[in-house]
Number of protein chains: 2
Amino acid sequence: MPRTVDREEQRRHIGTALLRLVSERGLDEVSVRTVAAAAGRSPGAVQKYFRTKEEMLAFAAELAGEHVERRMAGVDTSLPPRRALRALILTTLPVDAERRAEATAQLAFAVHAAHHPRLAAIRRQVDEDVRQALAAWLEAAGHGAHATAVADAVIALSDGLALRMLYAPQEHEHLLTVLDHALDALLPAPPAMG
Amino acid sequence: MPRTVDREEQRRHIGTALLRLVSERGLDEVSVRTVAAAAGRSPGAVQKYFRTKEEMLAFAAELAGEHVERRMAGVDTSLPPRRALRALILTTLPVDAERRAEATAQLAFAVHAAHHPRLAAIRRQVDEDVRQALAAWLEAAGHGAHATAVADAVIALSDGLALRMLYAPQEHEHLLTVLDHALDALLPAPPAMG
DNA sequence: CTCTTTGAGATACAGTCGTATTCTAAAGCG
DNA sequence: CGCTTTAGAATACGACTGTATCTCAAAGAG
């Protein structure tokens, strides 16, 4: 077995380049060749790690999902509930360059998934994970009633806000106040003692 | 001036075919040739009405926006407030084949707009119109406080729910209950007298 | 009628697409 | 050392892309 290399790391390298490309130029600028160039590889090399473009996209979609889940897991959930929830949501919103890139990719994949079952399955799994995490945290924070319904509403709200922020960056600030207003409404009064 | 034809009607005919194509096969199946085929025209004929593909996409995006606004304008807003608001939102959700097609196209254009300024401008205008309509109605229904913030939250929520319904149709019913729960939370108690 | 302008289709072109195949060089194993 | 397997680049292929150009039939204006 000569000249062996960490295949998974190479795949992540290429997948990361693909995500960057999606966020910077859009999903329809993604081709085997452009991804290879963005990854500093030859098109032939990319083919060694992904037999088809669809396989490459699926891998990148999973990678993007992992990024979101990791980022959410890194939030300090011992903060005051309302503040923690806001922090959790902000991890999915395009508030800085890195998050903007991730949000762009997520939404591009989501729309793409409407016509590609394999991507749809990945998206559903990511949604499910995020929903569980949010619901679990909501219950722990004392908002047990309708926790999953609130979690799903929060997810939908976040996606909608993120989507609009992408093509209307001028409204960024305003949309953050919309988020706060909606969260105030969505969460029943905190369990006393601010 | 021989052999004249209603150019605007032809453009709408082609634009409608484009929207159908987007909803059925996705935005990246849209090409001058596939649109021509879907419209029952030759590629050359399509070129007579749209000098470039981008122009064709922009026209279709405006057309889709008009569809949504027309549909919302058709809602009987004299219904009980909560019911009317629900009806307004349902016009943007993929609850039947026709609305599913429109929602699919809207979201595809929205994501596309993240990298195409011309489409972004169209989307922002549609959002603005919908926001104004919603806010005006909210005020008339006695929810004057934070009317535009609520309107924007409702828009984001709708977009997020619609997006998810597209790749997770299994969750359709559940997401409608999420919508109801969120609306209950978003609207302050109705101005007495149910 | 003829002339002229238009709609509409056909064709041409250079470029890109996804993918299959072929090549070169390098590195671990015996 | 040589052998063999691999990484990676290069190339080839047919299909499709957006757009420019050409041809031809049809229809109003004179």
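Chain A is the first sequence line, chain B the second, and so forth, proteins listed ahead of strands; every chain is numbered from 1.
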request  = Quickly work out the Arg7(A) CZ to dT6(D) P distance and round it to whole Å.
outcome  = 10 Å
request  = Measure from CZ on Arg33(A) to C1' on dC16(D) and round the result to the nearest Å.
outcome  = 13 Å
task = For dT17(D), take OP1 and OP2 only and decide whether either is under 4.0 Å from a side-chain N or O of Ser31(B).
result = yes
query = Any N or O donor-acceptor pair linking the side chain of Arg41(A) to the base of dG8(D) at under 3.5 Å?
reply = no
ask   = Cationic tip of Arg11(B) within the cone over Phe59(B)'s six-membered ring, i.e. under 6.0 Å and within 45° of the normal?
value = yes
query = Does a side-chain N-to-carboxylate-O contact under 4.0 Å join Arg71(A) and Glu102(A)?
reply = yes
query = CG of Leu57(B) versus C1' of dT19(D): gap in Å, rounded?
reply = 15 Å
inquiry  = Using a 4.0 Å heavy-atom cut-off, does Phe50(A) contact any base of the nucleic acid, only the sugar-phosphate backbone, or nothing at all?
reply    = nothing
task = Using a strict 4.0 Å threshold on nitrogen-to-oxygen distance, state whether Asp127(B) and Arg164(A) make a salt bridge.
result = yes
remark   = When rounded to whole Å, the CD to P distance for the pair Glu54(B) and dT19(D) reads 9 Å
query = Any donor-acceptor pair under 3.5 Å joining the side chain of Gln47(B) to the base of dA8(C)?
reply = no
task = To the nearest Å, give me how far apart CG (Leu21(B)) and P (dT17(D)) are.
result = 10 Å
query = Salt bridge check: are Glu128(B) and Arg123(B) linked by an N-O gap of less than 4.0 Å?
reply = no
query = Whole Å only: how far is the CG atom of Asp6(A) from the C1' atom of dG28(C)?
reply = 17 Å
task = Send over the distance from Arg11(A) CZ to dG8(D) C1', rounded to a whole Å.
result = 16 Å
ask   = For Asp28(A) and Gly44(A), take the nucleotide of DNA chain C holding the closest heavy atom to each; which residue's nucleotide lies nearer the 5' end?
value = Asp28(A)
query = Between the base of dA7(D) and the side chain of Gln10(A), is there a donor-acceptor distance below 3.5 Å?
reply = no
inquiry  = Among dT19(D), dG18(C), dA8(C), which nucleotide has an atom closest to any side-chain atom of Lys53(A)?
reply    = dG18(C)
ask   = Leu85(A) versus Trp137(A): any side-chain heavy-atom pair under 4.5 Å?
value = yes
task = Go through dG18(D), dG7(C), dG8(D) for me and flag the one nearest to the Lys48(B) side chain.
result = dG7(C)
message = Below the 4.0 Å mark, does dG18(C) have OP1 or OP2 next to a side-chain nitrogen or oxygen of Arg51(A)?
response = no
inquiry  = Tell me the interatomic distance from Tyr49(B), atom OH, to dT19(D), atom P, rounded to whole angstroms.
reply    = 18 Å
